[in-house]
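Here's the structure, in structure tokens; my notes come after.
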Amino acid sequence: MAANGKENIWPELRWEDWSATADTLHMWTQIAGKTRLALSPMQAHWWNVALYVSTRGLTTAAMPYGENFIEIEFDFISNELVFRTCKGENAALPLRAMSVATFYTEFKKILVELGVDVKLYGVPVEVAHPIPFALDEVHASYDAEAAYRFWRALRSIDRVLQEFSSRFIGKVSPVHFFWGSFDLAVTRFSGRPAPPHPEMDRIMREAYSREVISAGFWPGNGGFGKAAFYCYAAPAPKGFAEAKVLPAEAAYDEKLGEFILLYDDVRNAASPDEALMSFLESTYRAGAELGSWDRKLLERQQTEDRG
């Protein structure tokens, strides 16, 4: 690892350097995520399906299975997918260059050995050309150093998103990693229902059943090609796209319908934490003010004692 502290905390993440690994890891996280979807009780806005940044990688957290619990964690320090149960059982699948089909076979085998019987929908979602997991020999890359850098970046981003989240006392999501879109996000809610969208499928209707302002990070997948932070409002209030936000490098992307700030602009800032926080706060403020949110009710006042 680089000796420079800032490099370690905010590592370089050039999409072209690790896109093959990222695309493979995207499929692997979908398999773990679909296990969480199958085992966890439904929660509002699909919060029950997400993964979380952990001390070693990404985790499902504890998932109920009968009277027991199982957890599955991508460990990017030891490069293993670790399975743990509340009965003290452990198993590991070494992370290495292998096809999604091989990963899927080995993943299911370990679940069987642990006595976990779960039916998974074996096709990825939210990708342009989905290949059933059992047939996917296309995605087969794994660069351990790149995966480690990705996790290091997620740790720094998660830390700032948690601080941002703490400033809001209305309904707010956990800071969580969605394996479908392969992004880390946090969402604030106005408390009001969103206008109905009959054209949406049931998944999207559940996700956007309330007015939200959501911010997060994705590493460059989906065709964007660069690691970036985003913020959008749903529904977007009039004038949102024209709002002035910080830092100066941030801009509204008409095609995506959201504000974008490149990861490199944050990484290269004098204070990356402050640069990212200014983006999160200014984009939220623009959406909340234009959308007539009750900010006094929803936001933690600076004078409040946080213990």
Derivation of the side-chain contact (heavy atoms from CB on, under 4.5 Å) call for Met27 and Thr24: CA-CA 5 Å; Met27 297 300 98; Thr24 301; 5.8 Å; no
Verdict with reasoning, Asp23 to Val127, per side-chain contact (heavy atoms from CB on, under 4.5 Å): CA-CA 10 Å; Asp23 287 342; Val127 292; over 6 Å; no
Derivation and outcome, salt bridge (Lys or Arg N to Asp or Glu O under 4.0 Å), residues Arg167 and Glu163: CA-CA 7 Å; Arg167 302 176 180 185; Glu163 173 60 31; 3.4 Å; yes
Any donor-acceptor pair under 3.5 Å from His176 side chain to Val186 backbone: no
Aromatic contact, Phe74 with Trp28 (centres under 6.0 Å): no
Hydrophobic cluster identity match, Val175 and Phe189, side-chain contacts under 4.5 Å: no
Test log, rule side-chain contact (heavy atoms from CB on, under 4.5 Å), inputs Phe178 and Glu126: CA-CA 11 Å; Phe178 279 106; Glu126 298 187 53; over 6 Å; no
Same cluster (ILVMFWY, side-chain, under 4.5 Å), Leu120 and Tyr65: yes
Aromatic contact, Phe107 with Phe83 (centres under 6.0 Å): yes
Partner set under salt bridge (Lys or Arg N to Asp or Glu O under 4.0 Å) for Arg159, not counting sequence neighbours: Asp273
Leu25 reachable from Ile131 in the ILVMFWY side-chain graph, under 4.5 Å edges: no
N/O donor-acceptor pair under 3.5 Å between Thr29 side chain and His26 backbone: yes
Test of ring centre spacing under 6.0 Å for Phe259 and Phe240: yes
Residue from Phe182, Trp47, Tyr52 passing ring pair (Phe, Tyr, Trp, His ring centres under 6.0 Å) with Phe177: Phe182
same_hphob_cluster(Ile157, Leu246) at 4.5 Å side-chain heavy-atom cutoff: no
Steps toward side chain to side chain donor-acceptor pair (under 3.5 Å) verdict (Asn79, Tyr142): CA-CA 10 Å; Asn79 290 295; Tyr142 186 72; 2.6 Å; yes
Flag, side chain of Gln30 to backbone of Val125, donor-acceptor distance under 3.5 Å: yes
Near-ring test Phe229/Phe217, centroid separation under 6.0 angstrom: yes
Arg155 charged N/C atom sitting above Trp151 aromatic ring, 6.0 Å / 45°: yes
Hydrophobic cluster identity match, Val49 and Val116, side-chain contacts under 4.5 Å: yes
Neighbour count >12 (heavy atoms, 6.0 Å) for atom CD, Glu274: no
Residues that Ala241 engages under side chain to side chain contact (heavy atoms under 4.5 Å, CB included), provided they are two or more places apart: Tyr252, Glu254
Heavy-atom donor-acceptor pair, Arg210 side chain to Gly191 backbone, under 3.5 Å: no
Lys171, NZ: over 12 other non-hydrogen atoms inside 6.0 angstrom: yes
Point-to-point distance, once rounded to the nearest 0.5 Å, from CD1 of Ile110 to CG of Leu114: 7.5 Å
Candidate pair Thr85 and Asn68, rule side-chain contact (heavy atoms from CB on, under 4.5 Å), full reasoning: CA-CA 7 Å; Thr85 76; Asn68 299 305; over 6 Å; no
Results of salt bridge (Lys or Arg N to Asp or Glu O under 4.0 Å) for Glu289 - residues two or more places apart only: Arg295
Phe133 and Tyr104 aromatic ring geometry - parallel, tilted or perpendicular at 30°/60° bounds: tilted
Donor-acceptor under 3.5 Å (Thr60 side chain, Arg36 main chain): no
Where Leu154 and Leu184 come nearest, the two heavy atoms and their spacing: O-CD2, 3.9 Å
Test log, rule salt bridge (Lys or Arg N to Asp or Glu O under 4.0 Å), inputs Arg56 and Glu71: CA-CA 13 Å; Arg56 299 182 70 90; Glu71 178 183 4; over 6 Å; no
Side-chain touch Ile260/Phe224, heavy atoms, less than 4.5 angstrom: yes
